Amino acid sequence: MKLIVTVVQDKDSNSLQEALVKADFHVTKLASTGGFLRSGNTTFMIGTEDQKVDKALQLVKDHCKSRRQVVTPISSVDGNTDGYVMHPIEVEVGGATVFVLDVDQFKQF
Ligand code: 2BA
């Protein structure tokens, strides 16, 4: 068994959720925050049999688009921007960031 953990953009999360459930995957959806942009994204946990991993990854690919986003990073530790000159930068976010992990044990009580 594998655990797929995937970080996707909020905009893609509903269509991906629907597609996964329709294809009979069991899914947990978590609200998450990107460390760099400090904006909301969505993390899915999908526990599935080894032979269904490719199907899940294909659905993630099909439903998650990459987008360019302009951000102004705040570089001071405490978020105090006094005296800082902040330059907007453009970053390409997602599609999806995917981790596939081996599951040691799966139990439901
Ligand atoms: P964020 O950390 O908010 O990152 C958003 C986008 O900003 C990233 O897109 C990347 O293009 C850029 N970026 C991130 N860190 C950067 C840095 N130190 N310098 C310059 N640009 C940087 P993605 O790579 O597609 O990542 C989208 C989201 O996926 C991330 O949001 C984060 O929540 C998650 N993620 C990506 N890689 C990860 C990893 N290795 N471990 C855990 N989460 C990850």
Side-chain angles (χ1 to χ4, degrees):
M1 187 177 198
K2 303 282 188 200
L3 177 66
I4 301 170
V5 179
T6 181
V7 184
V8 309
Q9 294 181 56
D10 287 344
K11 284 177 184 160
D12 296 322
S13 64
N14 283 341
S15 82
L16 177 59
Q17 180 180 2
E18 277 171 30
L20 288 166
V21 171
K22 200 170 160 194
D24 226 12
F25 286 100
H26 291 227
V27 172
T28 298
K29 188 176 159 187
L30 307 168
S32 46
T33 304
F36 187 68
L37 296 182
R38 303 179 193 204
S39 63
N41 52 29
T42 301
T43 300
F44 285 91
M45 293 197 306
I46 309 157
T48 191
E49 300 310 318
D50 291 21
Q51 60 271 22
K52 289 182 72 185
V53 168
D54 288 346
K55 171 70 181 165
L57 295 183
Q58 191 59 52
L59 290 173
V60 173
K61 262 191 196 171
D62 290 347
H63 288 268
C64 299
K65 301 183 192 76
S66 73
R67 298 176 179 89
R68 298 195 73 76
Q69 214 166 307
V70 176
V71 290
T72 307
I74 297 171
S75 49
S76 70
V77 174
D78 61 2
N80 179 355
T81 57
D82 291 352
Y84 283 79
V85 179
M86 293 178 293
H87 299 285
I89 56 166
E90 196 177 44
V91 292
E92 179 152 340
V93 187
T97 298
V98 183
F99 305 86
V100 181
L101 312 171
D102 284 322
V103 174
D104 191 27
Q105 293 188 42
F106 171 67
K107 296 193 191 301
Q108 291 181 302
F109 297 109

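Whatever order the structure lists ligands and atoms in, that order sets their numbers, starting from 1. Owing to the predicted nature of the structure, the values given are computational and were not obtained by experimental measurement.
Looking at ligand 1, you won't find any N or O of Val7 less than 3.5 Å from one of its N or O atoms. Residue contacts with ligand 1: Val91 is placed with no nitrogen or oxygen under 3.5 Å of a nitrogen or oxygen of the ligand (distance criterion only). Backbone and side-chain nitrogen or oxygen atoms of Gly35 are examined, and one is located within less than 3.5 angstrom of a nitrogen or oxygen of ligand 1. Inclusion of Asn41 in the set of residues having an N or O under 3.5 Å from an N or O of ligand 1 is warranted.
No donor-acceptor contact under 3.5 angstrom links the side chains of Asn14 and Glu18, judged on distance only. In this model, a donor atom of one side chain and an acceptor atom of the other lie less than 3.5 Å apart for Lys107 and Gln105.
For atom 44 (C) of ligand 1, the closest non-hydrogen atom of the protein is Thr97 CG2, 4.1 Å. Distance from atom 9 (O) of ligand 1 to its nearest protein heavy atom, with residue and atom name: Glu92 O, 3.4 Å. Shortest contact from atom 41 (N) of ligand 1 to any protein heavy atom: Phe99 CZ, 3.5 Å. Scanning the protein for heavy atoms near atom 6 (C) of ligand 1, the closest one is Val93 CG2, 4.0 Å. Scanning all protein heavy atoms for the shortest distance to atom 3 (O) of ligand 1 gives Leu37 N, 2.8 Å. Of the protein's non-hydrogen atoms, the one nearest atom 20 (C) of ligand 1 is Phe36 CZ, 3.6 Å.
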Item checked: Check against side-chain contact (heavy atoms from CB on, under 4.5 Å), Leu59 and Phe25 -> CA-CA 11 Å; Leu59 290 173; Phe25 286 100; 3.9 Å; yes

Note to self: Checking Asp54 against Gln58 for the side-chain hydrogen bond (donor to acceptor under 3.5 Å, both in side chains) test, could you report, in this order, the C-alpha distance in whole Å, the side-chain angles of both residues, the deciding distance, and whether it holds?
What the structure shows: CA-CA 6 Å; Asp54 288 346; Gln58 191 59 52; over 6 Å; no

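Put simply, the side chain of Asp50 gets close to the backbone of Met1: a donor and an acceptor are under 3.5 Å apart. With hydrogens and angles ignored, the 3.5 Å screen pairs a side-chain donor or acceptor of Thr6 with a backbone N or O of Thr97.
Shown here for Ser66 and Glu92, the closest heavy-atom pair between the two residues is OG-OE2, 3.1 Å. Nearest heavy atom pair, residue Asp12 against residue Lys65, reads OD2-N, 3.1 Å.
Remark: ligand 1 atoms within the under-4.0 Å shell around heavy atoms of Gly34 are 1 (P), 2 (O), 3 (O), 31 (O), 33 (O). For ligand 1, the atoms lying closer than 4.0 Å to a non-hydrogen atom of Gly94 are 23 (P), 25 (O).
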